[in-house]
Amino acid sequence: MAQPNSGSWTERLSGRERVRHVVELLDKPTPVQEIADQADVSRATADDELQRLQSDDWVTETTVDGTKAYDLNPVRMLFDEVTDLIEAHSRDELESQLTELKEEQEELATEYDVSSLDEFREQLADEELSAAELRERRNVIATWEAINTELGLVKHALQLYDDVIELSSPRTDSPSTLA
Amino acid sequence: MVVFLANRANVQSKRLHDRIRNRLSCTFENVRRRRVEPREAGSYRVVADVNPRQFLDDDDEYPVTAARIEIGFQLQTGEQHEYYWFNWIEPDRSLLVGWHQDDTHDDLGPVHLQVNDGATPVAHEPAQFIDSHPLDVVERRPTSLRDAVLAVEWEQGRPVGLDSAATVRE
């Protein structure tokens, strides 16, 4: 385990901020005490912040071995990423990103002479590969998956673009129209 | 409407590297997130430009004026701990110095300090394992980076090893 060390994140971030950062990387339902330990805060602070995150839909409450636990709400995270993309980019920029991501996907398919990531994965299982070759292919898969994920996010952003822009625009209607 | 399912771990990884980018933007210039090249490990790197003479507090002595720091984490690998790479890179001298927590040198423990001459590793030594959140690792490693970079041994203009006595095993 790490030794206490100057310049650690406990000096830079508040306890509640550390709880939020721990939550963002949860990969399964995790007991409150474990989240508190990872964030280096008291159980009471972790519990309080987790309840607040739950009210904002960032986490869902559950139990692990009879103990109160929380898991990240991946749907909330997905929508947050999509709305961030919409707020940070014009429709043209997102369309350019989509084209670039598709080109990168096609380059990988061409380089490894496969039609899809699934086919590439099947090759991994079928062929006799050295440890170095396996590592290289694992790395290619990780990159390919990241491209696919970004491609999905940008597509979602484009599909929702007009609705999100319209709904987030300030209302200019006169109140009298509701009368 | 076609619905594409997002890979949870990859979305988490993207968000983590955005957090690291935001954190490093307070200290370094031109900080950006890039997706890794297909043969690199992991999914992302956060890259920050560094002036070595300022960072190393070595005003006019240090022989190059351009370097970059590259940091990347791989999440949910199925292993006991996450993988990470924390590298100092000097393009002009083809030098790479960095901590690697990966599966390439298990004999040295979970984390090792590595020196490369271009793509060729020339030295490794065990390093202290920091078992904590990636953002904590990002906070702690820079304090040891200066010692690691200055410990690189050179012969005829090429990096050849590490002065182990000068590195901090942290």
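Within every chain, numbering begins at 1; the chains are lettered A, B, ... in the order of the sequence lines, protein sequences first and strands thereafter.
Contact tally against chain B (heavy-atom pairs below 4.5 Å) for A:Glu111, A:Arg18, A:His21: the top residue is A:His21. Options A:Leu153, A:Asp80, A:Leu72 differ in how many heavy-atom pairs under 4.5 Å they form with chain B, and the most are formed by A:Leu72. For chain B, the option among A:Asp40, A:Ile147, A:Val140, A:Asn139 with the highest count of heavy-atom pairs below 4.5 Å is A:Asn139. When each of A:Arg137, A:Gln38, A:Glu104 is checked for heavy-atom pairs under 4.5 Å with chain B, A:Glu104 comes out on top.
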Going through the checks in order, is the salt bridge (charged side-chain N to carboxylate O under 4.0 Å, His left out) test met by B:Arg8 and A:Asp27? CA-CA 9 Å; B:Arg8 170 173 169 168; A:Asp27 61 351; over 6 Å; no
Checking A:Glu17 against B:Arg19 for the salt bridge (charged side-chain N to carboxylate O under 4.0 Å, His left out) test, could you report, in this order, the C-alpha distance in whole Å, the side-chain angles of both residues, the deciding distance, and whether it holds? CA-CA 12 Å; A:Glu17 284 175 317; B:Arg19 298 278 180 275; over 6 Å; no
Taking it one step at a time, do A:Asn148 and B:Asn7 satisfy side-chain contact (heavy atoms from CB on, under 4.5 Å)? CA-CA 9 Å; A:Asn148 286 352; B:Asn7 178 313; over 6 Å; no
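Rounding to the nearest 0.5 angstrom, the gap separating the CG atom in B:Asp102 from the CZ atom in A:Arg135 is 7.0 Å.
By the rule that hydrophobic residues join a cluster once side-chain heavy atoms approach within less than 4.5 Å of another member, B:Trp99 and B:Tyr44 end up as members of separate clusters. No continuous path of ILVMFWY side-chain contacts below 4.5 Å connects B:Leu96 to B:Val115, so the two sit in separate hydrophobic clusters. Taken together through direct or relayed side-chain contacts under 4.5 Å among Ile, Leu, Val, Met, Phe, Trp and Tyr, A:Tyr161 and A:Leu78 form part of one hydrophobic cluster. Linking ILVMFWY residues whenever their side-chain heavy atoms come closer than 4.5 Å, directly or via other members, places A:Leu134 and A:Phe120 in the same cluster. Cluster annotation: A:Val64 is not connected to A:Leu50 through the hydrophobic network of ILVMFWY side chains, with a link wherever side-chain heavy atoms come within less than 4.5 Å.
In this structure, chain B has heavy atoms under 4.5 Å from both the backbone and the side chain of A:Leu25. Contacts between B:Arg39 and chain A at a heavy-atom distance below 4.5 Å involve backbone atoms as well as side-chain atoms. Both the backbone and the side chain of B:Gln12 come within contact range of chain A, each with at least one heavy atom under 4.5 Å from a heavy atom of that chain.
Remark: side-chain polar atoms of B:Asp136 are not paired, donor with acceptor, to backbone N or O of A:Ser8 under 3.5 angstrom.
In the displayed structure, A:Lys102 atom NZ is contacted under 6.0 Å by at most 12 heavy atoms of other residues, nucleotides or ligands. Remark: B:Asp92 CG is packed, more than 12 non-hydrogen atoms of other residues, nucleotides or ligands lying under 6.0 Å away. Remark: B:Phe55 CZ is packed, more than 12 non-hydrogen atoms of other residues, nucleotides or ligands lying under 6.0 Å away.
Side-chain contact between A:Leu108 and B:Pro38: present, with at least one pair of heavy atoms (C-beta onward) separated by less than 4.5 Å.
No option in A:Glu145, A:Glu100, A:Glu150 other than A:Glu150 meets the salt bridge (Lys or Arg N to Asp or Glu O under 4.0 Å) test with B:Arg35.
Taking all atoms of both residues into account, the shortest heavy-atom contact from B:Gly42 to A:Ala142 is O-CB, 3.6 Å.
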